[in-house]
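A, B, ... follow the sequence lines: proteins, then strands. Residue 1 opens every chain. Note: hydrogens, waters and symmetry copies are ignored here, and every other heavy atom, side chains too, is used.
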Amino acid sequence: MEIHGICAVSRLGAAPRIPASRTGSGSGNKEERNLLPVRVRFAPSPTGPFHIGGARSALFNWLYARRYGGVFIVRIEDTDLERSSRESEENILAALRWLGLDWDEGVEVGGPNGPYRQTERLELYQRCAEQLLRQKDAYRCYCTEAELAAEREALLARGALSGYSGRCRDLSPEDCARLEAEGRKPAIRFRVPDQDAIVVRDLVRGEVSFDCSDIGDFIILKSDGIPTYNFAVVVDDHSMSVSHVIRAEEHLSNTPRQILLFNALGWETPQFAHVSLILGKDRSKMSKRHGATAIEQYQEKGYLPEALVNFLALLGWSTGGEEEVFSLDELIQQFSLERVSKSPAIFDLDKLNWLNGHYIRQAPIEYITDLSIPFLEKAGYLTTPLAPERYEWLKEVVALVRKYLVCLEDLKDHVGIYFSEKVEILEDEAGEALAGSHVPALFAALERLVRDCPALSADAAKALLKAAGKEAGVKGKQIFIPVRAALTGSIEGPDLDKIMAILGKEKVAGRLAGALARDSS
RNA sequence: GGCCCCAUGGUCAAGUGGUCUAAGACACCGCCCUUUCACGGCGGUAACCCGGGUUCGAAUCCCGGUGGGGUCACCA
């Protein structure tokens, strides 16, 4: 297996070791660093469906890359062998593409720093771990999970929950040999230095300081040779020359460990930006019980990617202006890390719904019609391929009902009357409207007029309605309500003349006759 | 519990010491448009967590409290 990016590691020897006394996340001030080419990454672990929060992290990274002409990398953090799967990796990538977030380097597209799946870069981590071992910045730990669990429990009982006892910190080669003879497989632990404070310079949070004594020696390479998250990110972010690490706030407390690793390996740290979390209605971290959390679910319900992107961008970021609706291009123009909010945001489904409806109403009708087709198929209203006239007709249907939609899945509740043969009386009021004494005369007149009409356009329908009313001696609501009831089974809905035009002569006349027959029986 | 982060209407948020009797959006309420519903338009209700400082002056700065969240794994 060939691993690119080894060059980055080979610089190791030459790079000056950053003294342990140094605090801070690396050299160079902000302005200086900003001149560096922007290289950001989205690094999901493929352990389940693509979460809303992950999507926002991906979006922010992508926007940042596009805003500054940088490179957006997608790397797969699949070191959790138990939970990772190709299936969810593909899921995530598909969702990324659906949202319109394309990547320049990474899994599937390749690039100079690949491979982009961590399980395919094991050799690299191995080598870096050995380096640390040689420098005495890491050591082999022979404790078993059971021993560690017991130790943790004891620690917890004393109320001091933190870290590792350091039992294997200073094992002699002989100790190691003996333990290995027992059949124990060592994990590799990082030796956290005696350093007072380590400060994270964060682009959204400012300087955040952590005390080293609060950080216990942590494992960087598991006993099976797989790296641990904190180790793999550092090695990869360096070897992929990542300039800015933009990720969720839950990683903030991991950052000092990572900085320690960067320092020990003699590497410069990237810039960090920790974006606050997305919370559910009850203010706790967004999870399944708060409703749909997977991007996939929104896609299935018929949310538009542009609405979701727009919504996600506004969660934790704002322009400062009054506008709320932004295309991807407009977001790129305006995005900046400086305007990312520090406080967590609650996922507001109402606003997403409004935005989605807004996009459904505003987008070109062909676009919405095309997106609607799979939903109509699924509801059993349509089979593809569509004849051209049928498509034109469908466009009119969609144009008529889209103002009622929150998402495309709602279509099925509004289009039944245009597809089905029979009308179902849905409301009591509709039945009552049909029972009016003037109704038979009105319907008879209208049915005749409709049948005699050469082409039932909306304009023609309007005129016919008026004429029929005149013949029956009624007007206004007395015309519209019963006709609407007969044609749609409901007393509310889109403009009646347009409904009639879409339904066509046959259906209109037939339904009128049907209502009459039903009424007299 | 230790450590860390956060705190403007129900929600998203603008606001970076005076122009704040605090913007905008969603939701809610009302009016208008309309044959109905919806869309749309117009208007309205509603907020600086508490307590101390600093200052001529604080939503804005500092300290403390409270509340919420995150994190403490051979998970990421």
Using a cutoff of under 3.5 Å, can you pull out all pairs of nitrogen or oxygen atoms linking the protein to nucleotides 31-33 of chain B, with atom names and distances?
none

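- Taking every side-chain heavy atom of Asp214(A) into account, rG2(B) is the closest of rC12(B), rC74(B), rG2(B).
- The side-chain hydrogen bond (donor to acceptor under 3.5 Å, both in side chains) with Asp237(A) is formed by just one residue from the set Arg75(A), Gln258(A), His244(A); it is Arg75(A).
- Following rounding to the nearest Å, Glu338(A) (CD) and rG15(B) (P) show an atom-to-atom distance of 12 Å.
- The list of salt bridge (charged side-chain N to carboxylate O under 4.0 Å, His left out) pairs with a residue in residues 269-283 of chain A, not counting sequence neighbours, reads Asp282(A)-Arg289(A).
- Contact between the side-chain N/O atoms of Lys185(A) and the OP1/OP2 oxygens of rC74(B) is not found at any separation under 4.0 Å.
- In this structure, rA47(B) makes no Watson-Crick or G-U wobble pair, since no nucleotide meets both defining distances under 3.5 angstrom.
- For the residue pair Glu180(A)/Tyr142(A), the side-chain donor-acceptor check at 3.5 Å is satisfied.
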Can you give each donor-acceptor pair under 3.5 Å made by side-chain atoms of residues 492-503 of chain A, sequence neighbours left out, with the distance rounded to 0.1 Å?
residue: Asp495(A); atom: OD2; partner: Lys498(A); partner atom: NZ; Å: 3.3

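- Here Arg184(A) pairs with Glu147(A) in a salt bridge; the nearest charged N to carboxylate O distance falls below 4.0 Å.
- Shown here, rG40(B) forms a base pair with rC32(B); the pair counts as Watson-Crick or G-U wobble because both key distances fall under 3.5 Å.
- Rounded to a whole Å, the CZ atom of Arg257(A) is 13 Å from the P atom of rA76(B).
- The local environment of NZ in Lys222(A) is crowded, with over 12 non-hydrogen atoms from other residues, nucleotides or ligands closer than 6.0 Å.
- When rounded to the nearest whole Å, the span between CG of Leu252(A) and C1' of rU71(B) equals 9 Å.
- For Ala345(A), the listed nucleotide lying nearest its side chain is rA13(B); candidates were rA76(B), rA13(B), rC74(B).
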Between protein and nucleotides 7-10 of chain B, what N or O pairs are separated by less than 3.5 Å?
none

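- Rounded to an integer number of Å, the gap from Trp317(A) CH2 to rA14(B) P is 11 Å.
- In this structure, the CG atom of Asn353(A) is 15 Å from the C1' atom of rC28(B), given to the nearest Å.
- For the pair Ser209(A) and Glu324(A), nearest-nucleotide mapping onto RNA chain B gives the more 5' position to Ser209(A).
- Look at Ser318(A) and you'll find a side-chain N or O under 4.0 angstrom from OP1 or OP2 of rA14(B).
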Evaluate the criterion salt bridge (Lys or Arg N to Asp or Glu O under 4.0 Å) for residue pair Asp459(A) and Lys462(A); output intermediate values, then yes/no. CA-CA 5 Å; Asp459(A) 283 344; Lys462(A) 198 161 204 157; over 6 Å; no
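- Set against rC74(B), rG24(B), rG2(B), the side chain of Thr228(A) has rC74(B) as its closest nucleotide.
- Within the 3.5 Å criterion, the main-chain N or O of His251(A) finds a donor-acceptor partner in the side chain of Thr255(A).
- Each of Arg339(A) and Val204(A) has a nearest nucleotide on RNA chain B; the 5'-most of these lies closest to Val204(A).
- Of the charged side-chain nitrogens involved, at least one lies within less than 4.0 Å of a carboxylate oxygen, so that Glu120(A) and Arg117(A) count as a salt-bridged pair.
- Of the candidate nucleotides rC74(B), rU11(B), rA76(B), rA76(B) has the atom lying nearest to any side-chain atom of Asp80(A).
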Scan nucleotides 34-47 of chain B nucleotide by nucleotide, 5' to 3', and note B when protein non-hydrogen atoms come under 4.0 Å of the base, S if they reach only the sugar-phosphate, - if neither. -BBBBSS-------
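- Side chain to side chain, Asp413(A) and Tyr404(A) fail the donor-acceptor criterion of an N or O pair below 3.5 Å.
- Going from atom CG of Leu355(A) over to atom C1' of rC26(B) covers 9 Å, rounded to whole Å.
- A side-chain donor-acceptor contact under 3.5 Å links Tyr359(A) and Asn310(A).
- Atom-to-atom, CZ of Arg75(A) to P of rA76(B) comes out at 13 Å; the value is rounded to the nearest Å.
- Among pairs with a residue in residues 342-366 of chain A, those fulfilling salt bridge (charged side-chain N to carboxylate O under 4.0 Å, His left out) read Glu324(A)-Lys351(A), Glu366(A)-Lys395(A), at least two apart in sequence or across chains.
- Nearest to the side-chain atoms of Lys285(A) among the listed nucleotides rC75(B), rC26(B), rU71(B) stands rU71(B).
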